Amino acid sequence: MQMTRSQMSLLLCLLSCASTNGARYTPDWASLDSRPLPEWYDEVKFGIFVHWGVFSVPAFGSEWFWWYWKGAHKSEYVQFMTKNYPPGFSYTDFAPDFHAQFFDPDEWADIFEASGAKYVVLTSKHHEGFTNWGSPNSWNWNSVDNGPHRDLVGDLGKAIRKRSLHYGLYNSLYEWFNPIYLSDKHAGFKTQDYVAKKALPELTNLVNRYKPDLIWSDGDWEAPDTYWNSTEFLAWLYNDSPVKDVVVTNDRWGAGCYCKHGGYYNCADKFTPGQLPNHKWEKCQSVDTLSWGYRRNMKLSELMDLPRIIKDLVYTVALGGNYLLNVGPTADGVIAPVFEERLRGIGAWLKINGEAIYATKPWRVQAENATSLVWYTSKNTSTVYAIITANPMQNFLKLAMPKTSNSTVVTLLGNPEPLKWIPLQSIGLTVQLPELPSSPAQAWTLKLDGVA
Ligand SMILES: *[C@@H]1O[C@H](CO)[C@@H](O)[C@H](O)[C@H]1NC(C)=O
Ligand SMILES: *[C@@H]1O[C@H](CO)[C@@H](O)[C@H](O)[C@H]1NC(C)=O
Ligand SMILES: *[C@@H]1O[C@H](CO)[C@@H](O)[C@H](O)[C@H]1NC(C)=O
Ligand SMILES: *[C@@H]1O[C@H](CO)[C@@H](O)[C@H](O)[C@H]1NC(C)=O
């Protein structure tokens with residue numbers, strides 16, 4: 001076929017303009033919010049969050065240790081210090097004891113992979129301001145010049161990527177006690193010295209150096225996005241950065257942004273919507289329900305057990321979310337065996353039931369009834385998964401929502417034999433359950449092929 005000159009230039013433009021001029025984002029929310037979320041993120045569904053920093057050294061109360069001690073003067077933190085440390089001991093004195101001497105990134109990555117997670121998000125810098133890499137803007141408040149004397153962000157990243165998991169980085173925009181930040185704050189955020197000298201150069205360094213697949217922004221809420229220059233940063237990230245096509249971001253980019261602007265929505269920590277949100281979201285949750293960082297004073301009763309974790313994961317995926325489950329390693333670099341056991345338990349469940357989780361879409365209804373015993377996910381128009389999150393203790397399970405047809409086939413994942421079922425009067429069916437195989441997670445999946 002012969003092409004005219006103008007057809008030819010149109011074709012060339014379609015091929016190249018889209019990736020250069022056509023799809024450039026401008027530094028405003030209308031443009032940035034129109035960017036489609038890179039597809040990998042919705043498919044992976046399950047990730048591991050890792051909170052690790054100098055707060056892992058006192059390992060008491062919470063990763064907000066410094067703030068509770070010196071900012072809020074909470075009595076249990078003040079007393080903990082008075083009782084156990086000499087007068088004049090400062091938070092920065094904890095850093096040399098952040099040894100990470102047992103940190104084996106491959107061992108961590110093996111555990112994360114065994115959990116069935118497809119992405120891992122590490123705190124590159126929490127609100128204490130200590131960077132887990134040799135940030136050029138961090139004086140000696142970083143893991144290369146101080147503490148472990150190691151590039152923690154880089155070393156974990158290599159191990160994660162060797163296993164084809166996605167690597168994300170958490171970054172706190174604010175730093176509680178950074179004098180430059182505090183000076184901007186006292187000026188009512190009319191000056192941007194901290195953003196110019198610290199926040200933005202550091203974030204840019206992180207992106208250029210480690211090419212994260214995901215940026216989990218936090219610590220934004222005291223100042224507007226115009227103080228952080230969030231839209232300028234995101235426009236660079238989406239247009240010109242080395243990760244412009246794959247990077248996924250969350251929604252914490254300035255006061256009032258969360259649940260409204262950015263990539264996917266985190267909204268508040270542990271966000272638990274009551275119905276299907278109309279925007280991709282993520283629930284972050286910690287195995288230790290009282291802290292994201294490791295704390296030596298945790299009790300077993302304060303931890304999520306496996307059935308509770310699986311229920312939470314299933315609920316989240318049924319409502320279209322991703323589940324980011326947190327563990328806090330010790331300052332020695334160990335993932336406590338109790339956390340490891342939880343993670344391996346999730347992986348064992350996903351080995352059988354992962355088909356009902358990964359790359360699924362929310363179905364036309366999300367749950368069977370008000371008891372929330374059965375949650376639904378779907379693969380395509382005719383395959384629906386009914387995930388039972390507690391043993392129904394009966395031989396027949398009524399599902400009122402699926403519309404069956406003559407070709408409907410019901411199976412229990414992990415069990416090759418199709419199950420007997422009979423239709424209910426108008427829509428729905430009753431399934432004859434086999435004896436349910438033992439499941440430490442207390443959750444089983446019925447696959448319904450040929451339903452609507
Ligand atoms: C923030 O963006 C504005 C507008 O582009 C620019 O004038 C200003 O210099 C930026 N501030 C920093 C700290 O980058
Ligand atoms: C919800 O489903 C369970 C199990 O199928 C059933 O026992 C219960 O009666 C149902 N509740 C309602 C309100 O329909
Ligand atoms: C729907 O997905 C299931 C599971 O992946 C597959 O077995 C089935 O063939 C698919 N059906 C259609 C119509 O694509
Ligand atoms: C489905 O079953 C009904 C009755 O059981 C029958 O009348 C109908 O012809 C069947 N349809 C097909 C497509 O086989």
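It should be emphasised that the depicted structure is a prediction, and the values quoted were computed from it without experimental measurement. Every number for a ligand or one of its atoms is a count from 1 in the order of the listing.
The single protein non-hydrogen atom nearest to atom 4 (C) of ligand 1 is Glu232 OE2, 3.6 Å, given as residue, atom name and distance. Remark: minimum distance from atom 3 (C) of ligand 1 to any protein heavy atom is reached at Asn229 ND2, 3.7 Å.
Of all the atoms in ligand 1, the ones that sit under 4.0 Å from a non-hydrogen atom of Ala196 are 13 (C). With ligand atoms numbered from 1 in the order given, ligand 1 contributes 14 (O) to contacts under 4.0 Å with heavy atoms of Leu200.
Taking both residues in full, the closest heavy atoms of Arg342 and Leu300 are given as NH2-CD1, 3.9 Å, listed atom of the first, atom of the second, then distance.
Annotation: Trp108 is in aromatic contact with Phe103 [ring centroid separation under 6.0 Å].
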### Task
Show your reasoning for whether ring-ring contact (aromatic ring centres under 6.0 Å, His included) applies to Trp64 and Trp292.
CA-CA 9 Å; Trp64 277 56; Trp292 301 85; over 10 Å; no
### Query
Step by step, would you call Phe55 with Phe65 a ring-ring contact (aromatic ring centres under 6.0 Å, His included)?
CA-CA 6 Å; Phe55 50 80; Phe65 183 93; 9.8 Å; no
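The nearest protein heavy atom to atom 7 (O) of ligand 1 is not closer than 4.0 Å.
The cationic group of Arg295 does not satisfy the cation-pi geometry with Phe60, failing either the under 6.0 Å distance to the six-membered ring centre or the 45° limit from the ring axis.
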